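These notes concern the structure reproduced below.
Treat the numbers as computed from the prediction; the structure is a model and nothing was measured.
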2 protein chains.
Amino acid sequence: MILKNQNEWALHCCVVLAGLPPERYLSTKALAEFHAVPKEYLSKALQSLSQAGIIEGTLGPSGGYRLARKASDITFLDVVEAVEGKSSTFACTEIRKNNPCRPAKYRDPKPCGVARVMWEADEAWRKRLRATKVSDIANALADEVPGDILEKTTAWVTAHT
Amino acid sequence: MILKNQNEWALHCCVVLAGLPPERYLSTKALAEFHAVPKEYLSKALQSLSQAGIIEGTLGPSGGYRLARKASDITFLDVVEAVEGKSSTFACTEIRKNNPCRPAKYRDPKPCGVARVMWEADEAWRKRLRATKVSDIANALADEVPGDILEKTTAWVTAHT
DNA sequence: TTGTTTAAGGACATTAAATATCCTCAAGCA
DNA sequence: TGCTTGAGGATATTTAATGTCCTTAAACAA
Ligand code: SF4
Ligand code: SF4
């Protein structure tokens with residue numbers, strides 16, 4: 001089990017969009033070039049984010065995407081669920097029903113213990129993702145990335161705006 | 001991202017093996033029949049468990065598998081990692097390196113914030129899996145499964161021992 | 001000794017999912 | 001009018017999951 005690349009791409013795109021001047025848009029083309037990933041495929045991830053209401057797009061030259069709400073209102077889980085889906089990472093196929101000793105008509109009163117634990121683990125994962133916002137990472141960049149690189153990057157993004 | 005079926009199968013097999021009379025073995029054939037899953041493929045999962053030292057097998061008629069240690073010493077994480085692998089569910093492809101504004105020689109002082117969060121979420125998932133043991137589920141069965149089904153199942157398992 | 005049963009594991013074949021590309025469409029803009 | 005953009009459908013390619021088949025050597029019973 002491994003998460004899709006889309007997650008990494010989408011998260012990074014959100015962080016970049018969080019640094020955009022207000023009311024400006026950044027195109028899929030620019031985001032793809034910036035991260036050196038295939039534009040057409042990245043586009044699918046951005047469409048998912050758009051459908052989830054995390055970013056919003058506009059058409060025409062000088063069009064592209066911007067965050068649909070404040071970066072401090074967008075959690076990692078929002079982004080990951082937009083890309084990866086909301087369903088649990090554990091799929092129970094109810095193999096306990098196959099126990100040859102069970103009466104065919106027997107109905108289980110509740111999900112089996114195995115599934116419950118796996119689902120709780122999935123929820124623990126989501127809980128952690130819910131705890132970090134896009135703005136947290138955007139802010140951390142200022143501390144972790146050398147000033148000159150950060151400046152040049154901001155200039156690059158603004159130029160492609 | 002979805003976990004392999006092998007996880008569900010392996011966990012259930014461990015729970016069944018936990019209910020085995022001491023010093024007895026249960027074969028892949030029996031485990032596959034009990035859960036109604038393909039014997040050959042289940043065999044791969046059991047081999048993984050065996051390699052991980054969670055179960056141990058013996059040959060010949062009346063051979064099969066048994067737990068290699070107490071059920072209370074086997075966590076869900078042990079089983080899942082045996083089947084699914086120990087590497088993080090988030091693979092960082094270091095796309096930040098592709099930023100066109102970065103000097104080619106620049107070395108990042110530490111993993112980027114995005115990856116750190118994703119790895120922490122992965123660890124939160126594992127932590128929850130580590131908190132439950134195979135014995136916990138085996139014990140819970142007594143409460144959740146009607147007595148007659150449980151008895152018949154125990155008899156079935158013992159008969160295939 | 002001989003034949004049967006078993007786990008171990010290598011070599012596939014099949015199926016589903018992730019990844020990637022291409023094309024059309026209508027909205028925005030110069 | 002012509003170019004740009006995101007939206008989204010269709011399809012191809014690649015990789016991972018799933019499933020099957022086969023051989024080998026150990027255990028055991030007749
Ligand atoms: S025992 Fe739990 S995990 Fe296993 S098949 Fe039943 S419900 Fe699913
Ligand atoms: S920013 Fe983090 S997650 Fe993204 S490529 Fe770099 S290290 Fe990986």
**Prompt:** Just how far, in rounded Å, is C1' of C:dG10 from OH of B:Tyr41?
**Reply:** 16 Å
**Item:** Distance below 4.0 Å between B:Asn5 side-chain N/O and D:dA17 OP1 or OP2
**Value:** no
**Separation of atom OH in B:Tyr25 from atom C1' in C:dT5, rounded to whole Å** = 15 Å
**Prompt:** Can you tell me if the side-chain N/O atoms of A:Gln51 get under 4.0 Å from OP1 or OP2 in D:dG6?
**Reply:** no
**Asked** Closest heavy-atom contact between A:Lys86 and A:Arg126?
**Response** O-NH2, 3.1 Å
**Prompt:** Does a donor on one side chain and an acceptor on the other come within less than 3.5 Å for A:Asn99 and B:Thr153?
**Reply:** yes
**Request:** Assign A:Ser43 to base, sugar-phosphate, or nothing according to its heavy-atom contacts below 4.0 angstrom with the strands shown.
**Result:** nothing
**Message:** Distance check needed: C:dA18 P versus A:Leu42 CG, whole Å only.
**Reply:** 17 Å
**Request:** Hey, which sits more toward the 5' end of DNA chain D by its nearest nucleotide, A:Ile2 or A:Ser27?
**Result:** A:Ser27
**Request:** Can you check whether any acceptor in the base of D:dG19 is under 3.5 Å from a donor in the side chain of B:Lys39, or vice versa?
**Result:** no
**Message:** Under a 3.5 Å cutoff, is there a donor and acceptor pairing between the side chains of B:Thr93 and A:Glu8?
**Reply:** yes
**Message:** In this structure, how many angstroms lie between the P atom of C:dG9 and the CG atom of B:Leu49, rounded?
**Reply:** 13 Å
**Whole angstrom value for the distance that separates P of D:dT5 from NZ of A:Lys44** = 17 Å
**Whole angstrom value for the distance that separates P of D:dT18 from CD of B:Glu8** = 11 Å
**Message:** Is the phosphate of D:dG6 approached by A:Thr28 (side-chain N or O, under 4.0 Å from OP1 or OP2)?
**Reply:** yes
**Message:** Any salt bridge linking B:Arg116 with A:Glu144? Criterion: basic side-chain nitrogen under 4.0 Å from a carboxylate oxygen.
**Reply:** yes
**Request:** Round to a whole Å and report the spacing from NZ of A:Lys4 to P of D:dA16.
**Result:** 15 Å
**Asked** So which nucleotide from D:dG19, C:dT21, C:dT5 ends up closest to the side chain of B:Pro38?
**Response** D:dG19
**Request:** Rounded to the nearest angstrom, tell me the gap between atom CD in B:Gln47 and atom P in C:dG10.
**Result:** 9 Å
**Lys/Arg-Asp/Glu bridge criterion (N-O < 4.0 Å) met for A:Asp78, A:Arg69** = yes
**Message:** Taking the nucleotide of DNA chain D with the nearest heavy atom to each, does A:Leu59 or A:Glu40 sit closer to the 5' end?
**Reply:** A:Leu59
